[in-house]
Novice: 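Here's a structure for you.
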Amino acid sequence: MHDAKALRVGARDDTLLAAYLIDPGRAEYALDDLAAEYGLEVVPEPAADDETAALVRRAAAPARLVAPMLDRVRERGSERLYREIELPLTGVLAAMEAAGVKIDEYRMGEITARLADRIEELEAKAYELAGEEFVLGSTQQVARILFEKLALTPGRKGKTGYSTDTRVLRTIRHEHELVGVIEEWRELSKLVNTYLGPLPSLISPADGRLHTTFNQTVASTGRLSTTNPNLQAIPIRTELGREIRSAFVAEDGWRLVSADYSQVELRILAHVSGEPVLKEAFARNEDIHARTAAEVLGKEQATLTKDERNVAKMVNFGIIYGISAFGLSENLEIPREQAQEYIDRYLARFPHVQDFIERTIEQAARDGYVTTLLGRRRPVPEIRASNRQTRALGERLAVNSVMQGTAADVIKVAMIRIHERLRAEGRGARLVLQVHDELLLEVPQTETTGVAELVREEMCGAYPLDPALAVDVGYGDDWNAAKG
DNA sequence: CACTAGTGCAA
DNA sequence: TATTGCACTAGTG
């Protein structure tokens, strides 16, 4: 296990990174294609779980592939991205993996014990209310009980029958007591089965810490991902979720520093579109969702309700994701016409955003790809599909990739500079996690404020955005406290 | 044991 | 029929 990890870190290689910049959707295959083109033998793809074989295969990419691949990276205008960002980032990620993060096992055990009791109660209660025993984790059986036996109001359908997801259950919660029992069982069993159970068992006996794996060539937008465990999906939204997060702790005498970019994708949108209203809102440090609501609904910010602000928040998410009236209507649970109305009003109030979206789509259709501010290219073949839905997907991917990809570029620059400055200044502090727009560091207590300031500087200065990048920094004894 | 569908966690 | 990921359980072959 430890050997495999060490090997994996050592085997990160420049050809795979180059392949990732050439075709981020399928780096492994792009590497194979090129190898075949040069008449080189391709080691067969290993079984999905054979980590060692996968490493050998990667390491087997011969040196003579490097030059032709770099030529292609250069042709694509991504050479600086390669040399100045992706390549140096590899060492930063290796150090972060090696550092790991500390978990308070005892705290997690306490929560688990509490939830295990409650889950048992809920199961007994569910069988009693259903009048029979059934497998609560089976969507088929839950659907049979709710919609056939109890004849509750069915919602959407999937390929195999009625959906029983969170939103459907929320809608019929009032119809039968069993629904609430299932909802609570789902929440608790999710947390126990995905986090509270597995995480402690993944603690390294060597240093008592949890070591994730950062994947640098997986996400098609340029983002990182983490696996085994996926530390980029630790709960935070519910009270129980925050309890779990608070079991991620600093060593004695150390603190956790959390720094996250504020509205980074919307700021990037403001920059690339040049939209004056958006830029002005950020310059004034306004609540961006409230400002959007005021613009779209034609009201004073001070008079907005929470629901109105939430509508605007969803519209902003929609813009980032590549908006569609259908998607917005699904998310807000409103009629499609109403959703279209919100979109129309938004685009009328932010005309430069509308221009940006149109330009980006035209560019993607013409070139077959879009490019981030730092020169990362994402191919969008979907945009030329004959199928209308696929084409619409391509349009959303094109728009989203510019913002999500630029945000990924920017935080990678910050990581490299922070890592280097910590070293140069002889700090004990170290990066431990990256969660897309957030960096988590473990810092000797005495260095806390100094490092917090260093991190803010490097994150804000990573790219000269207009409006400027903004960062929220906090610290504490655990991850939850550090974000507070 | 490999695979898919459904579900849900994060940004 | 909103973007990017990873992981779990049930169910199938």
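Hydrogens, waters and symmetry mates play no part in the numbers below; they use all other heavy atoms, side chains included. Labels below follow one simple rule: chain letters A, B, ... track the order of the sequence lines, proteins then strands, and each chain is numbered from 1. Computed from a predicted structure; not experimentally measured.
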Novice: Restricting to side-chain contact (heavy atoms from CB on, under 4.5 Å), what partner residues turn up for A:Thr238, sequence neighbours left out?
Specialist: A:Glu187, A:Leu240

Novice: More than 12 non-hydrogen atoms from neighbouring residues, nucleotides or ligands closer than 6.0 Å to CZ on A:Arg388, yes or no?
Specialist: no

Novice: Going by ring-ring contact (aromatic ring centres under 6.0 Å, His included), name the residues that satisfy it together with A:Tyr321, two or more places apart in sequence or in a different chain.
Specialist: A:Phe317

Novice: Just jot down the ring-ring contact (aromatic ring centres under 6.0 Å, His included) partners of A:Phe282, sequence neighbours excluded, or say none.
Specialist: none

Novice: So, using side-chain hydrogen bond (donor to acceptor under 3.5 Å, both in side chains) as the criterion, who are the partners of A:Ser78 when residues are at least two apart?
Specialist: none

Novice: Please pick, from C:dG11, C:dC8, C:dT4, the nucleotide with the shortest atom-to-atom distance to any side-chain atom of A:Ser138.
Specialist: C:dG11

Novice: Any residue in residues 366-379 of chain A with a heavy atom nearer than 4.0 angstrom to DNA chain B? Just list them by number, or reply none.
Specialist: none

Novice: Mark yes or no for whether A:Glu286, through its side chain, and A:Ile288, through its backbone, hold a donor-acceptor pair below 3.5 Å.
Specialist: no

Novice: With sequence neighbours left out, write down each residue that passes side-chain hydrogen bond (donor to acceptor under 3.5 Å, both in side chains) with A:Glu121, or none if nothing qualifies.
Specialist: A:Arg118

Novice: When we call it a touch if two heavy atoms are under 4.0 Å apart, what does A:Arg223 touch: a base, just sugar-phosphate, or nothing?
Specialist: base

Novice: Kindly indicate whether the side chain of A:Asp437 and the base of B:dA11 share any N or O donor-acceptor pair separated by less than 3.5 Å?
Specialist: no

Novice: Could you list the residues that satisfy salt bridge (charged side-chain N to carboxylate O under 4.0 Å, His left out) with A:Glu243, not counting sequence neighbours?
Specialist: A:Arg114

Novice: Within residues 398-414 of chain A, which residues have any heavy atom lying less than 4.0 Å from an atom of DNA chain C?
Specialist: A:Asn400, A:Gln404

Novice: Just the rounded figure in Å: distance from C1' of B:dA10 to CZ of A:Arg242.
Specialist: 14 Å

Novice: Classify A:Ile234 by what it touches in the nucleic acid, base, sugar-phosphate, or nothing, heavy-atom distance under 4.0 Å.
Specialist: sugar-phosphate

Novice: Of the candidate nucleotides C:dG5, B:dA10, C:dA2, which contains the atom at the shortest distance from the side chain of A:Asn230?
Specialist: C:dG5

Novice: For C:dA2, does either OP1 or OP2 sit under 4.0 Å from a side-chain N or O belonging to A:Ser324?
Specialist: no

Novice: Could you tell me whether A:Leu393 contacts a base, only the sugar-phosphate backbone, or nothing, with contacts defined as non-hydrogen atoms closer than 4.0 Å?
Specialist: sugar-phosphate

Novice: When you check the phosphate oxygens OP1 and OP2 of C:dG11, does a side-chain N or O of A:Gln141 lie under 4.0 Å from one of them?
Specialist: yes

Novice: Which nucleotide, B:dA10, C:dT4, C:dC6, lies nearest any side-chain atom of A:Pro235?
Specialist: B:dA10

Novice: Can you list the residues that meet the side-chain contact (heavy atoms from CB on, under 4.5 Å) rule with A:Leu129, with sequence neighbours excluded?
Specialist: A:Lys125, A:His176, A:Glu177, A:Leu178, A:Val181

Novice: Which residues within residues 258-269 of chain A lie with some heavy atom under 4.0 Å of an atom in DNA chain B?
Specialist: none

Novice: Polar atoms only, N or O, under 3.5 Å: list the protein pairs with nucleotides 5-8 of chain B and their distances.
Specialist:
residue: B:dG6; atom: OP1; partner: A:Lys159; partner atom: N; Å: 2.9
residue: B:dG6; atom: OP1; partner: A:Thr160; partner atom: N; Å: 3.2
residue: B:dG6; atom: OP1; partner: A:Thr160; partner atom: OG1; Å: 3.2
residue: B:dT7; atom: OP1; partner: A:Thr164; partner atom: N; Å: 2.6
residue: B:dT7; atom: OP1; partner: A:Thr164; partner atom: OG1; Å: 3.0
residue: B:dT7; atom: OP1; partner: A:Asp165; partner atom: N; Å: 3.4
residue: B:dT7; atom: OP2; partner: A:Ser163; partner atom: OG; Å: 3.3
residue: B:dG8; atom: OP1; partner: A:Thr166; partner atom: OG1; Å: 2.7
residue: B:dG8; atom: OP1; partner: A:Arg186; partner atom: NH1; Å: 3.3
residue: B:dG8; atom: OP2; partner: A:Thr166; partner atom: N; Å: 2.9
residue: B:dG8; atom: OP2; partner: A:Thr166; partner atom: OG1; Å: 2.7
residue: B:dG8; atom: N3; partner: A:Lys190; partner atom: NZ; Å: 3.1

Novice: According to ring-ring contact (aromatic ring centres under 6.0 Å, His included), who are the partners of A:Tyr20, at least two apart in sequence or on a separate chain?
Specialist: none

Novice: Which nucleotide wins on minimum distance to the side chain of A:Tyr321, given the candidates C:dT4, B:dA11, C:dG11?
Specialist: B:dA11

